[in-house]
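Proteins get letters first, then strands, A, B, ... in listed order; numbering begins at 1 in each. What's counted below: heavy atoms across the whole structure, side chains too, no hydrogens, waters or symmetry copies.
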Amino acid sequence: MDFQSCVNIKKEWDIVGARQLGRDIARKIGFGTVDQARIATAISELARNIYLYAGAGKVCFEAIEDMNYKGIRIMAVDDGPGIKELNQVMEDGFSTSGGLGAGLPGVRRLMDEFDIQSDEGKGTDIKVVKWLR
Amino acid sequence: MDFQSCVNIKKEWDIVGARQLGRDIARKIGFGTVDQARIATAISELARNIYLYAGAGKVCFEAIEDMNYKGIRIMAVDDGPGIKELNQVMEDGFSTSGGLGAGLPGVRRLMDEFDIQSDEGKGTDIKVVKWLR
Amino acid sequence: MSTLKLDLENYKELLQQYIKTQDEQALYQAEQFSKHSMQQNISPEEIINVHIESLQEIYPEMPVYIQSSLDFLLETMISYGLAYQEYQALREKQLELKSEISVAANMQRTLLATEKPEIEGLEIGAISIPAKQMNGDYYHFVEDDNGFLGVAIADVVGKGVPAALCMSMIKYSMDSFPENKMDPGVILGSLNRVVERNVDSSMFITMFYGLYDVNTHTFRFSSAGHEPGYYFDSKQNTFEEIDASGLVLGVSPEATYEQCTKHVDEGDMVIMLTDGVTECRQGERFIEEEEVLEIIKQYAHLPAQETVEQVYKHFERLQDFHLRDDFTLIILKREV
Amino acid sequence: MSTLKLDLENYKELLQQYIKTQDEQALYQAEQFSKHSMQQNISPEEIINVHIESLQEIYPEMPVYIQSSLDFLLETMISYGLAYQEYQALREKQLELKSEISVAANMQRTLLATEKPEIEGLEIGAISIPAKQMNGDYYHFVEDDNGFLGVAIADVVGKGVPAALCMSMIKYSMDSFPENKMDPGVILGSLNRVVERNVDSSMFITMFYGLYDVNTHTFRFSSAGHEPGYYFDSKQNTFEEIDASGLVLGVSPEATYEQCTKHVDEGDMVIMLTDGVTECRQGERFIEEEEVLEIIKQYAHLPAQETVEQVYKHFERLQDFHLRDDFTLIILKREV
Ligand SMILES: [Mn+2]
Ligand SMILES: [Mn+2]
Ligand SMILES: [Mn+2]
Ligand SMILES: [Mn+2]
């Protein structure tokens with residue numbers, strides 16, 4: 001069983017808290033500086049989406065271990081309005097945050113695995129994984 | 001009357017020579033570090049094109065002075081085979097050096113003014129200017 | 001956290017703060033700083049330059065080798081800066097192209113529009129989603145007063161703009177056919193001659209044409225090399241392939257088209273689709289036919305239109321929201 | 001100068017060399033290094049990382065603030081790295097779209113192809129270059145056995161794919177006209193009705209239609225709101241505008257088209273063009289009509305086909321090799 005720690009996202013300050021916790025966990029798992037920075041950026045993006053579009057939600061972290069690999073799993077969950085046009089949101093160059101954010105395509109690039117479920121009115125559930133190489 | 005200095009381009013080593021001379025002139029004119037590096041990169045590209053596609057030619061430099069502005073003019077001249085599809089060569093993402101070079105669109109971006117004349121079989125004549133801001 | 005401005009002062013302060021505290025907040029601000037810089041089209045080499053100048057101001061006695069090393073780093077960033085500028089230009093171009101093609105796609109949608117008929121005793125579900133903006137799949141309903149429903153589903157080999165241009169021609173041809181009911185085999189035969197005459201020989205079109213008789217609930221169909229359809233038996237909860245032999249449109253002017261008949265029982269469904277449905281891919285793996293049918297079965301209890309929409313949603317997600325091919329699925333469901 | 005590999009060792013060596021010599025060769029190699037890195041899809045933040053690691057190895061006693069400052073710099077580069085990766089993806093997409101549209105453009109070229117007729121006593125020059133891949137300009141020659149040459153030149157308002165789709169419809173319509181000679185005013189009248197019926201009301205088409213009688217050397221012409229043509233008097237060395245009043249195609253089904261006549265003397269030229277020629281831009285400045293005529297005059301002594309090509313070449317360069325609009329220029333020159 002893996003231990004899971006969460007940060008509630010309500011205000012902008014919580015984004016920093018989520019980054020901090022995520023970076024600490026990533027460092028403990030053994031990720032190097034560049035990957036730590038990438039993971040922190042992905043967390044920023046996920047937490048910022050919650051803060052901006054859902055109002056509230058949480059970002060959770062889990063150290064995971066496959067047979068051969070170690071990694072970090074990050075889950076961002078909210079019960080906000082959900083995403084209507086998922087295929088558009090996942091497309092390059094159409095980031096919702098108007099160029100300011102890397103958007104979800106950015107998160108996908110920063111991490112190794114990416115899964116999203118979103119239903120209108122029921123919120124959004126994003127799971128991402130980065131493996132230690 | 002401005003003094004004009006040239007570097008003949010025959011071997012790869014000459015590219016370094018052209019960069020050196022161009023950078024020195026740019027520094028004397030008063031360009032900062034970033035612009036010096038940009039000018040050097042533009043020179044690389046121009047000289048490399050001559051070296052790779054024309055076999056021989058020269059790159060010349062001139063300190064110029066408008067009424068209010070100072071700047072550097074660089075001319076790259078060869079009598080190689082010329083460029084057939086100028087509009088293609090000037091298009092982004094189609095750099096002739098197969099992704100290795102910034103291509104002529106890169107040179108245009110690095111400098112402020114750009115003019116090219118090329119006729120098949122008669123060689124290519126490129127003039128670029130960068131103004132000191 | 002106030003709004004950040006990109007300037008030397010600002011970067012210097014953030015840098016100083018981080019060197020002192022090494023806390024996450026400064027790093028978060030570094031990220032925000034770089035995003036704001038990108039909004040203002042600041043190239044990466046300029047960030048390096050601001051970094052160098054900040055260091056020089058904070059630490060005037062910084063070792064010479066550090067200064068040299070940063071000059072070297074700056075040099076390596078110039079090419080990246082060019083790529084960054086090209087990126088911005090490409091992005092603009094891309095947006096322009098997209099809006100242009102979206103105008104064309106709109107023209108195409110108007111041109112190819114078909115109305116889903118309301119038919120007593122028959123539920124109809126139809127969805128057609130292009131992989132790119134323009135659709136190389138096509139479906140069409142024709143209804144006559146005697147209770148016959150004609151359904152065409154077609155796929156041009158190829159995607160995007162060329163396929164769409166080709167599809168427009170098919171539409172022009174079908175519109176010129178007489179309105180009264182014709183046998184599927186005859187229709188495919190005439191279309192085949194039109195395509196053979198007018199469309200470049202490198203373009204192929206597959207088509208499945210069905211004629212549903214609402215009085216007798218028989219479904220007559222022919223296929224021009226199209227993906228087979230399926231018959232869903234709601235009592236047995238099983239699928240059966242329905243197919244008829246016939247050459248792809250446009251290959252030979254002599255082609256003839258077999259015509260088959262299938263009786264449709266209460267609660268059963270006729271399923272027509274394009275290979276964009278059956279050849280969905282998950283990562284590198286093609287999904288199996290059984291998986292497609294399994295998913296259709298899973299949503300079969302819903303109204304026909306909802307069924308096709310849920311099936312689409314399922315495969316959209318499975319494919320990471322990037323369709324590889326146009327996706328068209330039509331269901332005719334005889335009401336109980 | 002040997003081939004460079006991207007690795008820590010290599011960067012470290014180059015860096016060390018530069019710190020020691022501070023010469024241009026090391027900087028040139030820095031540039032080559034970064035280009036090679038880009039070829040291998042190395043992101044800018046990885047360059048910063050290699051830089052940090054190299055410094056740590058060369059100067060283990062480097063001050064702590066330097067280490068911290070570089071960590072901070074690395075953080076600012078992550079977003080740039082993402083932009084860089086998006087750039088690579090966009091570039092691929094762009095290439096794909098380009099090749100797709102080039103297939104469509106080929107289809108269009110085949111569809112719209114017109115043969116330049118060989119006519120005793122008349123030199124014909126024609127060039128039509130799309131600003132993007134697909135052409136929203138159109139020209140067409142029709143020749144009959146009685147020595148009449150029909151010339152159509154048209155411009156859809158709009159560029160690219162939608163304009164091209166629209167042009168294809170015009171072509172379909174013109175093909176269905178009877179082959180025998182018709183008056184320009186009549187032709188534009190019928191086309192107007194076709195366009196009005198079939199094309200979306202937001203699309204307009206301007207057209208100039210001329211009929212050259214090789215026996216009497218009279219040129220009859222009508223215009224549907226198109227850019228006026230020019231008559232070049234070779235003896236006076238002057239130009240004269242030739243225009244006829246008429247509404248743009250597709251606005252009102254009632255529109256009628258004035259028809260004018262002009263006698264063509266030996267050595268003189270009739271010039272037809274689209275606004276892509278007359279509205280060339282140099283930087284922010286629109287060039288003047290006189291400049292266009294000046295350039296045509298400059299090349300008027302050449303064979304007609306060479307004239308149009310040289311004029312195009314001139315304006316292509318003037319516009320920095322980026323056409324803002326489709327460019328079509330036709331010259332009919334009566335031989336001496
Ligand atoms: Mn297709
Ligand atoms: Mn398909
Ligand atoms: Mn136009
Ligand atoms: Mn135009």
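Taking D:Leu70, D:Ile19, D:Leu73 one by one and counting their heavy-atom pairs under 4.5 Å with chain C, the maximum is reached by D:Leu73. By number of non-hydrogen pairs under 4.5 angstrom with chain D, the leading residue of C:Ser68, C:Ala26, C:Ser69 is C:Ser69. Heavy-atom pairs under 4.5 Å with chain C were tallied for D:Gln16, D:Met62, D:Lys20; the largest tally goes to D:Met62.
Considering CD of C:Gln32 and OG1 of D:Thr76, their distance stands at 12.5 Å, rounded to 0.5 Å. Remark: D:Glu75 CD to C:Tyr18 OH distance equals 7.5 Å, nearest 0.5 Å. Taking CD of C:Glu86 as the start and CD of D:Gln94 as the end, the distance is 9.5 Å to the nearest 0.5 Å. Rounding to the nearest 0.5 Å places CD of D:Gln22 at 12.0 Å from CZ of C:Phe72.
Outside the 6.0 Å centre-distance limit, the rings of C:Tyr80 and D:Tyr80 are not counted as a close aromatic pair.
Contacts of D:Ile66 with chain C are made by side-chain atoms alone, with heavy-atom separations under 4.5 Å and no backbone atom involved. Only the side chain of D:Leu55 comes within contact range of chain C, judged by heavy atoms closer than 4.5 Å. Neither the backbone nor the side chain of D:Ser54 comes within contact range of chain C, judged by heavy atoms closer than 4.5 Å. Looking at D:Tyr84, the atoms closer than 4.5 Å to chain C (heavy atoms on both sides) all sit in the side chain, from C-beta outward.
Neither side chain, C:Ser79 nor D:Glu31, offers a donor N or O lying under 3.5 Å from an acceptor on the other.
The aromatic rings of C:Tyr87 and D:Tyr87 stand perpendicular to each other, their planes meeting at an angle above 60°, with 30° marking the opposite boundary.
The number of heavy atoms from other shown groups lying within 6.0 Å of CD (D:Glu57) is above 12.
In this structure, D:Met77 and C:Ile48 approach most closely via the heavy-atom pair CE-CD1, 4.3 Å. Between C:Pro63 and D:Tyr65, the shortest heavy-atom contact is CD-OH, 3.8 Å.
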